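Written out below as structure tokens is the structure these notes cover.
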Amino acid sequence: MDYVVYFEMISITILVIIYLFYLCRSGLDLRRNRRFYVLLVTVGMVTGVDLAGRILFQQVGGDASAFMMLISTIANMGLLVICTELYSYFCSLSRCQKKIYLVLEKIYYVVTVLIGLGMLWNVRMHFLFWYDDSHVYYITNAMYGVVLVEILYLFTGICVLLYDRRVFRPRHQGVIMVGSALLIVGLIPLQNLMPTRFRMTYYVLSCILSIYYFMIHMADQHLRQRGGCFSRVGMRQVVEEREAYEEDFVCVAVNITNIFSIISVCTEEEMRLFDLAISKRLKSIGKQCVIYQSHSSEYVLMCKERKMAEANCVALRESMPGVLRIHDRNISVSYGYYMISFADASFREGSFYRIIAGLRRMAKNTTDHRAVIYYDGQVKEKLQQELQGIQKMNEILETDRENFGMEFIPIYSTDSDAVEELEVESYVCLEDGNRIWEPELWKLAEEKGSSKDMALHWWKEVLDCAREQRIWERGIRLLHINVATLQICSQEMIDQLGKLLEEREIRPDQIVIEVFVDQNVPEELLQKNIVYMQRKGFHVLLDQFGANICNLKNILAMPFHQVKINVQLTNRLIKQKQDELQHVIHMLRKQNWEIYLDGVDRQDRGSMLREMGVDRMQGERLAANISADQLQCFLEQKGGNVS
């Protein structure tokens with residue numbers, strides 16, 4: 001048996017091993033992986049056909065020039081196709097967006113088809129190559145043109161790789177360059193032009209592909225979570241590629257809304273089985289390579305068409321189990337769904353993830369667990385406002401041209417019926433004229449990870465405005481500043497606020513820090529920092545009492561000295577149940593807290609509220625908010641023109 005057969009059998013073995021590895025691991029749905037798969041199959045098919053032809057030729061023997069001609073035609077056509085696929089593979093590796101390279105790819109495929117037809121016609125006309133009766137291989141000058149075309153394919157492919165060097169590590173790029181140079185200098189001329197033909201072409205090709213696989217593609221196949229779905233990193237890679245090529249796709253997301261309840265009752269082994277059960281159900285709907293676990297509680301199916309996405313969404317809603325049986329225990333599962341097209345984000349990865357975060361939040365908070373949230377209508381309008389708000393916050397942090405808007409709320413004393421304190425509220429103004437107010441503004445900052453930076457910037461603006469307007473010299477005793485709990489989660493932030501006051505010669509006891517207690521900061525840490533602020537001289541007020549209070553006992557144990565009753569609770573109790581309002585005030589008085597009442601509608605209620613034990617009152621109907629431009633006029637009327 002000719003020794004070339006052994007080389008080709010080894011080549012087939014290498015290619016089959018890589019093929020099985022690739023299929024078993026189900027690589028990410030990336031263009032470079034798809035092109036590698038096509039290249040792998042192409043080389044395998046060409047090698048297999050050539051191997052089968054050589055074995056049959058040995059069996060036929062005798063005068064077999066026509067048979068040898070057919071085998072050589074298939075081999076030469078196969079190498080031309082392989083060079084074309086290598087160019088496409090190099091384009092996909094580099095994520096090149098230059099139109100000239102994409103146009104060349106189409107031109108190369110057309111040229112390959114034309115040359116392939118010519119090679120088929122050459123079997124009869126012999127204008128490229130032929131065998132004589134002695135089985136000697138001859139070529140014409142036209143065959144040199146075919147070789148130059150194949151070299152051109154690989155050379156332009158190398159140029160594409162050099163276009164963006166940031167895509168690869170240097171050693172990856174070096175190995176690809178060496179492999180390409182080996183093909184250009186050695187394999188292609190020897191395979192097409194030498195009379196004896198090169199015996200190790202497919203063996204070397206299979207070795208090169210194996211190196212490409214282990215160096216580039218194997219890493220993509222290990223980005224998996226416990227359930228076997230691809231991780232958030234894998235999803236980001238796919239999204240980045242779609243953005244580079246401006247290709248649309250549709251995401252169908254499944255959120256497990258009660259994941260924290262499940263985690264609290266399940267062991268680590270049970271959570272592993274839970275993930276496997278959920279991913280198994282998802283894989284029955286979509287292919288494994290398009291399912292991503294973007295968070296511990298969220299799975300995403302990425303579909304190429306909206307019609308396919310809608311069909312998958314319907315199938316998911318009908319098939320996702322409401323109860324899972326794990327270790328002889330029933331685990332109840334509730335879901336939230338949303339759907340979004342990448343084109344909705346105008347092919348911008350950053351805005352796409354920002355929109356997804358908003359949709360995820362809505363899906364988790366929905367009460368209808370079979371409803372699908374679409375990025376449309378009011379949902380789209382709300383999320384677009386959030387995007388504009390984040391953009392404005394970025395501009396505020398990065399430039400001095402953009403600032404917060406501010407309005408001041410008069411706070412009346414029930415004893416004197418005079419404005420003795422002011423509360424400042426911030427907002428950012430969007431391009432359409434709408435405003436994003438606190439606390440939504442701070443929520444966006446927290447999600448963006450810039451809560452502390454935004455707080456420092458805002459504190460500077462508020463304190464500068466208060467100092468310029470000389471509010472304390474004009475009869476204002478205290479200035480109220482609202483903060484999110486994350487903004488005071490460290491004593492360092494409190495110290496920085498104290499430093500800002502010291503630089504502006506403002507005493508801490510002239511500032512009231514209004515804190516809305518939520519679940520973002522542990523109660524022990526919050527209590528510690530409240531005491532720390534009070535030692536620094538700040539007044540610390542519990543804001544929004546009556547809203548989002550999960551444990552009244554824990555709230556009353558907090559070391560506050562002041563409390564503000566929520567506007568909704570005030571409106572309901574004043575109009576309908578004044579006895580209950582009296583009871584709430586009495587309960588808070590027992591804590592020795594000063595009581596502020598928000599939502600008071602008339603100033604003549606002052607005497608009634610004073611008898612109840614209320615110290616301060618405020619409300620939109622009691623007094624309109626004062627804009628920053630109107631503040632000077634208001635203060636001059638109150639405290640005179642301070643020179």
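Model, not experiment: these values are computed from the prediction.
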Below 4.0 angstrom, N of the basic side chain to O of the carboxylate: do Glu241 and Arg31 qualify? no

Donor-acceptor under 3.5 Å ([X] side chain, [Y] main chain):
X      : Y      : value
Tyr22  : Tyr213 : no
Tyr335 : Pro321 : yes
Glu8   : Leu51  : yes
Asn330 : Val323 : no
Asp248 : Phe342 : yes

Of all residues at least two apart in sequence or in a different chain, which pass the side-chain contact (heavy atoms from CB on, under 4.5 Å) check with Ser332? none

Please indicate whether Arg325 has more than 12 foreign heavy atoms, meaning atoms of other residues, nucleotides or ligands, lying under 6.0 Å from its CZ. yes

Between [Y] and [X], is there a side-chain heavy-atom distance shorter than 4.5 Å?
X      : Y      : result
Tyr292 : Asp29  : yes
Leu441 : Met393 : yes
Arg360 : Ile356 : yes
Gln385 : Glu440 : no
Tyr338 : Met362 : no
Leu301 : Leu316 : yes
Lys304 : Glu247 : no
Leu205 : Leu15  : no

Working for side chain to side chain contact (heavy atoms under 4.5 Å, CB included), residues Gln391 and Leu430: CA-CA 9 Å; Gln391 183 179 358; Leu430 306 180; over 6 Å; no

Tell me, with the steps shown, if Ile355 and Leu387 meet side chain to side chain contact (heavy atoms under 4.5 Å, CB included). CA-CA 8 Å; Ile355 293 170; Leu387 281 173; 3.7 Å; yes

Which residue in the set Arg236, Met235, Arg242 passes side chain to side chain contact (heavy atoms under 4.5 Å, CB included) when paired with Val239? Met235

Hey, can you tell me if [X] and [Y] have their rings parallel, tilted or perpendicular (30° and 60° cut-offs)?
X      : Y      : answer
Trp437 : Tyr427 : tilted
Phe352 : Phe249 : perpendicular
Phe36  : Tyr89  : tilted
Trp442 : Phe404 : tilted

Look up atom [atom1] in [X] and atom [atom2] in [Y], then write down how far apart they are to the nearest 0.5 Å.
X      : Y      : atom1 : atom2 : result
Phe230 : Leu28  : CZ    : CG    : 4.5 Å
Thr47  : Ile14  : OG1   : CD1   : 10.0 Å
Asn33  : Asp220 : CG    : CG    : 5.0 Å
Ile256 : Lys364 : CD1   : NZ    : 10.0 Å
Cys429 : Gln388 : SG    : CD    : 10.0 Å
Arg35  : Leu40  : CZ    : CG    : 12.5 Å

Decide yes or no on salt bridge (charged side-chain N to carboxylate O under 4.0 Å, His left out) for Lys528 and Glu524, but give the supporting numbers first. CA-CA 6 Å; Lys528 180 180 178 181; Glu524 297 81 6; over 6 Å; no

Can you give me the closest heavy-atom contact between [X] and [Y], atom names plus distance?
X      : Y      : value
Val483 : Val515 : CG2-CG2, 4.0 Å
Leu209 : Val43  : CD1-CG2, 3.7 Å
Cys251 : Val300 : SG-CG1, 3.7 Å
Ile488 : Asn529 : O-ND2, 2.8 Å
Val250 : Ala309 : CG1-CB, 3.5 Å
Ser319 : Ile285 : OG-CD1, 3.8 Å

Could you tell me if Tyr108 and Ser88 have a donor-acceptor pair between their side chains, going purely by distance under 3.5 Å? no

Pair Thr84-Thr112, side-chain donor/acceptor within less than 3.5 Å: yes

Which is it for Arg281 and Tyr299 under the side chain to side chain contact (heavy atoms under 4.5 Å, CB included) test, yes or no, and what are the steps along the way? CA-CA 11 Å; Arg281 189 60 61 94; Tyr299 297 83; over 6 Å; no

Please tabulate, for side-chain N and O atoms in residues 263-270, each donor-acceptor pair with protein atoms closer than 3.5 Å (sequence neighbours left out).
unit_1 : atom_1 : unit_2 : atom_2 : d
Ser264 : OG     : Phe260 : O      : 3.4
Ser264 : OG     : Ser261 : O      : 2.6
Thr267 : OG1    : Glu270 : N      : 3.2
Glu269 : OE1    : Arg272 : NE     : 3.3
Glu269 : OE2    : Arg272 : NH2    : 2.8
Glu270 : OE1    : Thr267 : N      : 2.9
Glu270 : OE1    : Arg329 : NH2    : 2.5
Glu270 : OE2    : Arg329 : NH2    : 3.0

Audit row: Val81, Val46, side chain to side chain contact (heavy atoms under 4.5 Å, CB included) steps and yes/no: CA-CA 9 Å; Val81 173; Val46 173; 5.9 Å; no

After noting the C-alpha distance and the side-chain angles of Glu85 and Tyr153, does the key distance pass the side-chain hydrogen bond (donor to acceptor under 3.5 Å, both in side chains) rule? CA-CA 9 Å; Glu85 293 298 336; Tyr153 289 176; over 6 Å; no

